[in-house]
Amino acid sequence: YWQLIIGVAISAVFIYWALPGLHLDAVVAALRTANYWWLIPGVLVYFVGLWVRTWRWQYTLRPIQKVPLRTLFPDVCIGYFGNNIFPFRAGEVLRSYVLKKQTGIDISSSLATVIIERIADGLVMIMFVFLALPFAPMPEVYRNAVIVMTVAFTAAAGWAVVLIGTVALAL
């Protein structure tokens with residue numbers, strides 16, 4: 001029980017620091033008037049998204065080993081849960097660890113597929129940024145920063161693709 005009490009106390013302190021000037025009475029009033037029925041379609045859409053990510057991971061794992069979707073889905077949920085709890089996207093390592101325990105697939109192999117997923121996700125986000133950037137009102141400094149970061153990520157993604165291709169050819 002002490003771990004729970006200490007954990008809640010630490011969380012409360014950090015939430016207090018993270019949200020200075022928060023008016024709890026306004027939060028409580030907003031929670032009382034919220035329409036919670038919108039949670040149902042929101043949760044459904046979230047799980048459909050998880051299912052699509054599971055299918056994508058199954059597809060990228062296929063050259064290593066065919067793993068059923070019903071095995072991978074809980075692993076993807078565990079990974080995304082871990083990403084919300086642990087720093088530095090450690091849920092991806094957790095996902096690969098659980099997959100290793102279930103199927104025997106090496107953690108390094110499954111992490112390589114996760115890296116491929118993250119590169120694909122990043123490239124899609126870059127596409128969204130470049131599509132929205134001309135229509136977004138923002139100061140020139142921010143626009144230039146977004147462009148520089150986008151170019152840097154694209155270069156890093158290209159380097160990762162070349163590196164992964166080189167490693168795949170070596171195997």
Side-chain angles (χ1 to χ4, degrees), residues 11 14-15 17-20 22 38-100 102-103 105-171:
S11 296
F14 280 109
I15 288 172
W17 284 346
L19 303 171
L22 179 68
W38 285 106
L39 288 174
I40 295 170
V43 169
L44 288 174
V45 167
Y46 180 75
F47 277 104
V48 167
L50 282 176
W51 191 257
V52 170
R53 290 180 187 113
T54 303
W55 175 81
R56 179 180 67 179
W57 195 32
Q58 181 194 41
Y59 186 78
T60 58
L61 283 170
R62 191 171 291 161
I64 300 166
Q65 181 178 332
K66 176 94 166 115
V67 183
L69 285 172
R70 68 181 171 274
T71 302
L72 291 177
F73 184 74
D75 297 353
V76 170
C77 292
I78 289 168
Y80 277 86
F81 172 76
N83 285 341
N84 290 328
I85 299 299
F86 302 119
F88 309 116
R89 301 194 67 81
E92 307 300 358
V93 177
L94 183 62
R95 169 169 49 148
S96 295
Y97 174 78
V98 172
L99 184 67
K100 164 91 172 143
Q102 291 175 329
T103 65
I105 294 175
D106 289 334
I107 293 175
S108 59
S109 298
S110 62
L111 274 178
T113 63
V114 170
I115 291 169
I116 291 168
E117 286 182 20
R118 293 295 152 238
I119 290 170
D121 290 346
L123 292 173
V124 168
M125 292 308 294
I126 286 173
M127 180 188 67
F128 288 153
V129 166
F130 275 129
L131 288 175
L133 195 58
F135 306 106
M138 68 175 71
E140 196 65 28
V141 172
Y142 294 136
R143 184 182 307 277
N144 291 338
V146 168
I147 291 171
V148 167
M149 287 186 283
T150 302
V151 169
F153 179 81
T154 304
W159 177 79
V161 168
V162 168
L163 183 64
I164 290 168
T166 304
V167 170
L169 289 175
L171 297 177

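These numbers come from the heavy atoms of this one structure, side chains and all, not from hydrogens, waters or symmetry mates.
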Open item on the list: If the condition is side-chain hydrogen bond (donor to acceptor under 3.5 Å, both in side chains), which residues does Arg89 pass it with, not counting sequence neighbours?
Closed with: Glu92

- [ ] With sequence neighbours excluded, tell me which residues meet side-chain hydrogen bond (donor to acceptor under 3.5 Å, both in side chains) with Tyr80.
- [x] Arg53, Arg118

Task: Ile105 side, atom CD1; Lys100 side, atom NZ - distance, nearest 0.5 Å - done: 9.5 Å

TODO: Return yes if some donor-acceptor pair links the side-chain N/O of Arg95 with the main-chain N/O of Leu72 below 3.5 Å, else return no.
DONE: no

Task: Qualifying residues under side-chain hydrogen bond (donor to acceptor under 3.5 Å, both in side chains), relative to Thr113, sequence neighbours excluded - done: Trp57

Task: Shortest non-hydrogen separation from Gly82 to Leu94 and the atoms involved - done: CA-CD2, 4.4 Å

Task: side chain to side chain donor-acceptor pair (under 3.5 Å): pairs with one or both residues in residues 122-140, sequence neighbours excluded - done: none

Open item on the list: Can you confirm whether Ile78 sits close enough to Phe81 that some side-chain heavy atom of one is under 4.5 Å from a side-chain heavy atom of the other?
Closed with: no

- [ ] Calculate, to the nearest 0.5 Å, the distance between atoms CD1 and CZ belonging to Ile119 and Phe153 respectively.
- [x] 7.0 Å

- [ ] Not counting sequence neighbours, which residues clear ring pair (Phe, Tyr, Trp, His ring centres under 6.0 Å) with Phe14? List them please.
- [x] Trp17

Task: Minimal non-hydrogen separation, Trp55 against Leu69, with atom names - done: CA-CD2, 3.6 Å

Open item on the list: Going by the rule side-chain hydrogen bond (donor to acceptor under 3.5 Å, both in side chains), which residues pair with Ser109 if we only count those two or more places apart in sequence or in a different chain?
Closed with: none

Task: Contact list for residues 147-158, test salt bridge (charged side-chain N to carboxylate O under 4.0 Å, His left out), sequence neighbours left out - done: none

Open item on the list: Strictly by salt bridge (charged side-chain N to carboxylate O under 4.0 Å, His left out), give each pair with a member in residues 146-169 just once, sequence neighbours left out.
Closed with: none

- [ ] Scan residues 60-74 for pairs that pass side chain to side chain donor-acceptor pair (under 3.5 Å), counting only residues two or more places apart or in two chains.
- [x] none

Task: Verdict with supporting geometry, Thr103 and Leu61, side-chain contact (heavy atoms from CB on, under 4.5 Å) - done: CA-CA 12 Å; Thr103 65; Leu61 283 170; over 6 Å; no

- [ ] Can you run down the side chain to side chain donor-acceptor pair (under 3.5 Å) pairs that involve residues 145-164, sequence neighbours left out, and say none if there aren't any?
- [x] none

Task: Spacing of CE belonging to Met149 relative to CD1 belonging to Ile147, to within rounding of 0.5 Å - done: 10.5 Å

TODO: First locate atom CG of Asp106, then atom CG of Leu99, and finally report the distance between them rounded to the nearest 0.5 Å.
DONE: 10.0 Å

Open item on the list: Minimum heavy-atom separation for Ala90 and Asn83, please, with both atom names.
Closed with: N-OD1, 3.8 Å

Open item on the list: Among residues at least two apart in sequence or on other chains, which ones pass ring pair (Phe, Tyr, Trp, His ring centres under 6.0 Å) with Phe73?
Closed with: Trp51

Task: ring pair (Phe, Tyr, Trp, His ring centres under 6.0 Å) partners for Trp38, two or more places apart - done: none

